[in-house]
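Report on the following structure.
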Amino acid sequence: MGRELIIISAVALNNREEEKILKKAESIFGKSQKSQFTVDPSIIGGLIIKTDDQILDLSIFHKLQEIKNHLGGPGES
Amino acid sequence: MSLDLSAKLFEDTKNSIRQFEFSPKLRDVGRVVKVGDGIVTATGLPGAFLGEVIENPNGFKGVVLNLTKELVEIIVLKGFGTTATGSEIFTTGSLLEVPVGEKLVGRVVNPLGEQLDGLPLPESQIFKPIERKAYGIIKRSPVERPLQTGIKAIDSMIPIGRGQRELIIGDRGIGKTAIAIDTIINQKNNKHGEKVHCFYVAIGQKTSKVAQIVAKLKESGALDYTTVIIAGASDPVSLQYLAPYAGTAMAEHYLDSGKDALIVYDDLTKHAWAYRELSLVLRRSPGREAYPGDVFYLHSKLLERSCQLSEEMGSGSLTALPIIETQSADVSAYIPTNVISITDGQIYLERELFHSGFRPAINVGLSVSRVGGKAQVKQMKKLTGKLRLELAQYRELTAFSQFAADLDNETREKLSHGEKVMEILKQDQFKTLRIDQQILIFWIAVNGFLSDIKTSDLRSFETEMLKSFEASQKDLLAKLNPQEELTDEITVKLTEAVSNFKKTRNYDRS
């Protein structure tokens with residue numbers, strides 16, 4: 001049952017890198033029908049791998065957010 | 001902030017970051033399709049389970065409360081307005097948790113464990129799930145140790161034990177919260193080794209009222225062992241719904257560690273209202289009085305978590321004082337009857353008593369403590385064993401008091417004695433009494449020392465006598481040990497001391 005895989009990186013990837021990542025992603029998410037690679041500098045670094053209803057967020061942006069939460073985050077009223 | 005302080009803060013923050021372990025999980029993604037009424041509805045989230053925490057990077061936090069084939073309904077806890085339709089939200093894989101532990105003592109927090117008293121929270125905290133199954137039968141042991149409220153009417157005739165659930169029930173504004181707060185304040189009189197950690201959960205209360213309570217707790221030193229959890233009237237219903245469970249999770253930390261804790265739920269009526277509102281918005285079928293069908297379970301699963309654990313489990317206890325507000329004294333209404341059947345007894349407050357000046361306005365006849373006997377100190381039991389019966393007889397006799405002229409002496413004396421006992425049971429708010437002081441007062445009442453004092457002088461007699469004993473009879477007071485019989489030697493000394501006091505202050509004329 002192929003799903004669409006979307007892979008987001010902070011910088012453009014070359015063909016070899018894309019192949020390697022796709023292979024690993026499919027081992028987690030299962031064989032995909034279609035895959036799409038996007039570049040989004042706002043994630044700062046790392047990767048985000050998504051299907052339509054699951055996400056594996058390995059980006060630096062997310063890591064920084066987790067650290068922020070761990071430190072207690074801003075005090076809310 | 002001084003340079004030293006900010007340098008330390010910087011170091012602490014750096015260490016915190018170093019200790020942090022980044023463990024990315026495969027999370028489910030959902031797309032929001034509907035937002036409103038404190039509920040966010042989403043598609044996707046294929047693996048979401050009931051009670052799972054859902055988040056988004058914009059500070060949204062919610063809990064899954066409904067799962068249907070196509071949709072997941074999430075109640076919003078935090079970050080109202082941070083989810084627009086079409087935006088993404090993510091599962092976290094965990095149930096809702098709150099921070100627990102000693103670091104919460106003296107703090108005022110919301111049901112998510114976030115601070116409300118303006119002081120920072122410690123970074124590393126232990127987290128426990130808000131919901132937990134109550135301990136099974138084997139792990140428990142009977143309630144046998146007393147919890148002193150410091151209120152004469154309760155400790156004498158409706159004694160509460162550690163691990164018991166005792167309901168405080170009555171109309172609005174007649175002293176329910178006052179009894180709970182006095183009990184919390186009185187825990188400062190516990191001897192070392194018998195400490196009770198207190199938790200006050202305010203559900204749907206006016207913020208002004210809670211502010212007053214916190215100030216009073218602080219003033220009387222109770223904040224040294226109390227934590228306050230607030231979900232006020234203007235807080236989202238989701239938080240009001242969770243507040244009692246969050247407080248219980250924090251209190252269970254002590255229960256599990258072999259210590260004693262006390263938790264007050266003020267009040268469960270507003271809690272039921274909040275749950276009703278949530279259930280109606282979630283389109284669950286309304287039942288009697290529009291409450292959802294599981295409104296009994298709402299409270300039973302909460303109150304069953306209060307218990308006395310066995311020795312193998314550490315002998316810890318969690319005592320619960322839930323509060324229910326009745327409308328026009330109707331204890332046969334839906335929610336009151338539910339909670340009455342769950343708890344181990346109730347303290348029943350009456351409007352008539354309150355307005356006639358009998359405060360605390362406890363109707364001793366209708367109040368019950370189903371654990372009673374064993375959990376009461378021996379000495380108190382001995383002194384007050386007959387008291388309940390005498391008061392019941394007195395209440396029957398008062399119907400005849402209008403014919404006072406036609407009564408025989410014995411009846412007239414019974415009436416007079418009963419009237420004096422009722423007077424001695426009155427107590428001012430925030431003036432709790434230690435067990436030795438209570439034993440003294442009841443010993444005096446039961447042994448006829450009040451018969452020659454005018455009823456109207458009784459309150460001042462009590463106050464002055466206690467003051468005098470604190471000042472000059474400290475050793476005698478200390479001998480009033482709750483667990484031991486009063487020896488003849490002590491009785492003689494007491495008789496002497498009390499008679500002298502009466503003489504010197506001119507209390508011995510009727």
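Within every chain, numbering begins at 1; the chains are lettered A, B, ... in the order of the sequence lines, protein sequences first and strands thereafter.
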> Roughly how far, to the nearest 0.5 Å, is NZ of B:Lys25 from CD1 of A:Ile55?
Replying inline: 13.5 Å
> Nearest 0.5 Å, what's the CZ-NZ distance between B:Arg27 and A:Lys50?
Replying inline: 10.5 Å
> Going through the checks in order, is the side chain to side chain contact (heavy atoms under 4.5 Å, CB included) test met by A:Gln54 and B:Asp28?
Replying inline: CA-CA 4 Å; A:Gln54 286 191 304; B:Asp28 290 345; 3.0 Å; yes
> Would a distance-only check, ignoring hydrogens and angles, find a side-chain to backbone donor-acceptor pair under 3.5 Å from A:Gln65 to B:Pro57?
Replying inline: yes
> Going through the checks in order, is the side chain to side chain contact (heavy atoms under 4.5 Å, CB included) test met by B:Phe90 and A:Asp57?
Replying inline: CA-CA 11 Å; B:Phe90 309 92; A:Asp57 195 335; over 6 Å; no
Atom [atom1] of residue position [X] - does it have more than 12 heavy atoms of other residues, nucleotides or ligands inside 6.0 Å?
X	atom1	result
A:Phe29	CZ	yes
A:Glu19	CD	no
B:Lys270	NZ	yes
A:Gln36	CD	yes

> With respect to chain A, which residue among B:Gly30, B:Pro46, B:Gly44 yields the maximal number of heavy-atom pairs within a distance under 4.5 Å?
Replying inline: B:Pro46
> Heavy-atom distance under 4.5 Å to chain B: side chain of A:Ile28, backbone, both or neither?
Replying inline: side chain
